[in-house]
Amino acid sequence: MSEEDYGFDTLVTRFDEDGSGASVTGDVVPPIHLASTHEMDRPGTADHGYKYTRFGNPTRDVLESRLAKLAGAAHATACASGTAAIAATCLAVLEPGDRVVAFDGIYGGTRLLFEDLVVDSLGATVEYVDATDTDAVADAVTDDTALVWMESPTNPLLRLCDLAAIGEIAAAEDATFVVDNTFSTPYFQRPLEFGADVVVHSTTKYINGHSDSMGGVVLTNDDAIETAIDHVRAYELGGTLSPFDCYLTLRGLRTLPLRMDRHEANARRIAEFLADHPVVRRVRYPGLELHPQHALAEAQMDGFGGIVSFELDASEAETRAVLEELDVFTLAVSLGGTESLVDHPATMSASYLSDAEREAAGISESLVRIPVGIESVDDLRTDLEQALANL
Ligand SMILES: Cc1ncc(COP(=O)(O)O)c(C=O)c1O
């Protein structure tokens, strides 16, 4: 049986025996190569291929080859954070004067990066569109569009866009189509199969999965884009993923399918509970039939993920008070770890957006985002029940 025949759950447990030193001693897990520099055989030549860790590292090679296989990509470039992966992609693809079309629901940090790096420093322009409406994307993407930037589902409102349709729109205008797939991971969604040219992930989230490592990855089948991203990472940003973080991410990756299945099962139960609760004004979870894009989620995702967002029938002060009553959920930003967290985007994960930007992004004062963990779901439900009873 060759690796091409392996299922996803087998692929996550494997690592390459490609001369990278990963298993020369028969290790069943990849070792951490911490050396920052490697002895050369002759001046300028290292027969083993490694010279300096910012350019290449055996542990990072193992992680990159694993992530590429899982995403169906030819290349993976592991970066120091999801933000570094996004910055590397923008710097590799864009030139001054270029035009970007982006989903207006993207993660606030990406929006900030677009304003500071893409617009202010690079001199490109960004037009934000409601990409839940494919026609709006088709209208916005023109022959001077260099980059189409999507995220699906979005953080924190769990809005989706039609990846296949937008892939066709971008291809027709020769624009590079990038999808931030952080919420789904390759286990639940593989945008390259829907026409994306590049996929980015914050591996800080589900891919590492244990809230103990920062990282990001850029995945592509395009050799020229890969070469440009690799160059930017090594020589302009210097934002490579450290060997120790590569090891942690490889360790987390082994249980990705198990964790995602449990995150999803728990999230679905919590979303159903919230949908029936009298003080909850609106629940957002793509797995619920009441989600306006449930059919699209079913068509392009293999699972609906572990994030639930909801709005309370309450003021900002009341909403904050509810969050402080929670015991099993931890009040913290981020997502994707085994533990359930709770976030008040208006004052936490999206606090650095201006009031106008938050309003435009649909982030209200009573919005709550919960990355549902893998704990006993009855405990999570009971915890929410007691906290909401205070309203
Ligand atoms: C969808 C999405 N993309 C990118 C990022 C940035 O990742 P990092 O915090 O690893 O830089 C985040 C972080 O929350 C995110 O939610």
Side-chain angles (χ1 to χ4, degrees), residues 63 67 71 76-91 102-118 128 131 149-161 163 178-186 188-189 191 196 198-219 233 237-242 245-246 248-249 252-253 260 263 267 284 286 301 304-309 332-337 341-353 358 361-363 367 369-372:
L63 175 66
L67 292 175
T77 310
C79 301
S81 65
T83 304
I86 294 167
T89 306
C90 291
L91 287 167
F103 196 164
D104 63 5
I106 54 171
Y107 165 59
T110 309
R111 204 169 172 129
L112 197 67
L113 184 148
F114 281 177
E115 297 312 316
D116 290 353
L117 180 78
V118 172
Y128 295 98
W149 192 284
M150 295 290 138
E151 188 179 302
S152 187
T154 58
N155 181 4
L157 292 182
L158 299 151
R159 295 159 70 200
L160 273 61
C161 59
L163 298 176
V178 182
V179 178
D180 183 333
N181 198 36
T182 296
F183 269 33
S184 295
T185 83
F188 281 152
Q189 182 170 269
V198 178
V199 172
V200 297
H201 288 273
S202 166
T203 60
T204 311
K205 316 298 179 189
Y206 289 111
I207 288 181
N208 173 64
H210 294 77
S211 304
D212 57 6
S213 158
M214 299 287 303
V217 67
V218 187
L219 300 145
R233 179 186 64 170
L237 283 178
T240 47
L241 192 62
S242 78
D245 285 299
C246 291
L248 285 174
T249 309
L253 195 60
M260 292 313 286
H263 282 298
R284 298 164 190 266
M301 301 169 79
F304 305 110
I307 316 279
V308 180
S309 292
V333 296
S334 200
L335 55 107
L341 302 179
V342 61
D343 169 37
H344 180 237
T347 55
M348 292 169 59
S349 60
S351 60
Y352 49 81
L353 295 180
R358 266 201 305 281
I363 298 172
L367 178 71
R369 183 192 71 185
I370 45 175
V372 182

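Counting starts at 1 for both ligands and their atoms, following the listed order.
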Inset, instruction - Only counting residues at least two apart or in another chain, list the ones meeting side chain to side chain contact (heavy atoms under 4.5 Å, CB included) with Ser211. - result: Glu339
Legend entry - Option passing side chain to side chain contact (heavy atoms under 4.5 Å, CB included) with Leu67 (candidates Val218, Val217, Thr77): Val217
Hey, can you pull the donor-acceptor pairs under 3.5 Å for the side chains in residues 78-88, sequence neighbours left out?
unit_1: Ser81; atom_1: OG; unit_2: Thr83; atom_2: N; d: 3.3
unit_1: Ser81; atom_1: OG; unit_2: Ala84; atom_2: N; d: 2.9

Inset, instruction - Look up atom CG in Asn208 and atom CG in Leu253, then write down how far apart they are to the nearest 0.5 Å. - result: 9.0 Å
Legend entry - Residue list, ring-ring contact (aromatic ring centres under 6.0 Å, His included) with Tyr128, at least two apart or on another chain: none
Any protein N/O atoms within less than 3.5 Å of an N/O atom in ligand 1? List the atom names and distances, or say none.
unit_1: ligand 1; atom_1: 3 (N); unit_2: Asp180; atom_2: OD2; d: 2.7
unit_1: ligand 1; atom_1: 7 (O); unit_2: Ser202; atom_2: OG; d: 3.1
unit_1: ligand 1; atom_1: 10 (O); unit_2: Gly82; atom_2: N; d: 2.9
unit_1: ligand 1; atom_1: 10 (O); unit_2: Ser202; atom_2: OG; d: 2.8
unit_1: ligand 1; atom_1: 10 (O); unit_2: Thr204; atom_2: OG1; d: 2.7
unit_1: ligand 1; atom_1: 11 (O); unit_2: Gly82; atom_2: N; d: 3.2
unit_1: ligand 1; atom_1: 11 (O); unit_2: Thr83; atom_2: N; d: 2.8
unit_1: ligand 1; atom_1: 11 (O); unit_2: Thr83; atom_2: OG1; d: 2.6
unit_1: ligand 1; atom_1: 14 (O); unit_2: Lys205; atom_2: NZ; d: 3.1
unit_1: ligand 1; atom_1: 16 (O); unit_2: Asn155; atom_2: ND2; d: 2.9

Legend entry - Polar side-chain atom of Ser152 near backbone of Cys161 as donor-acceptor pair, under 3.5 Å: yes
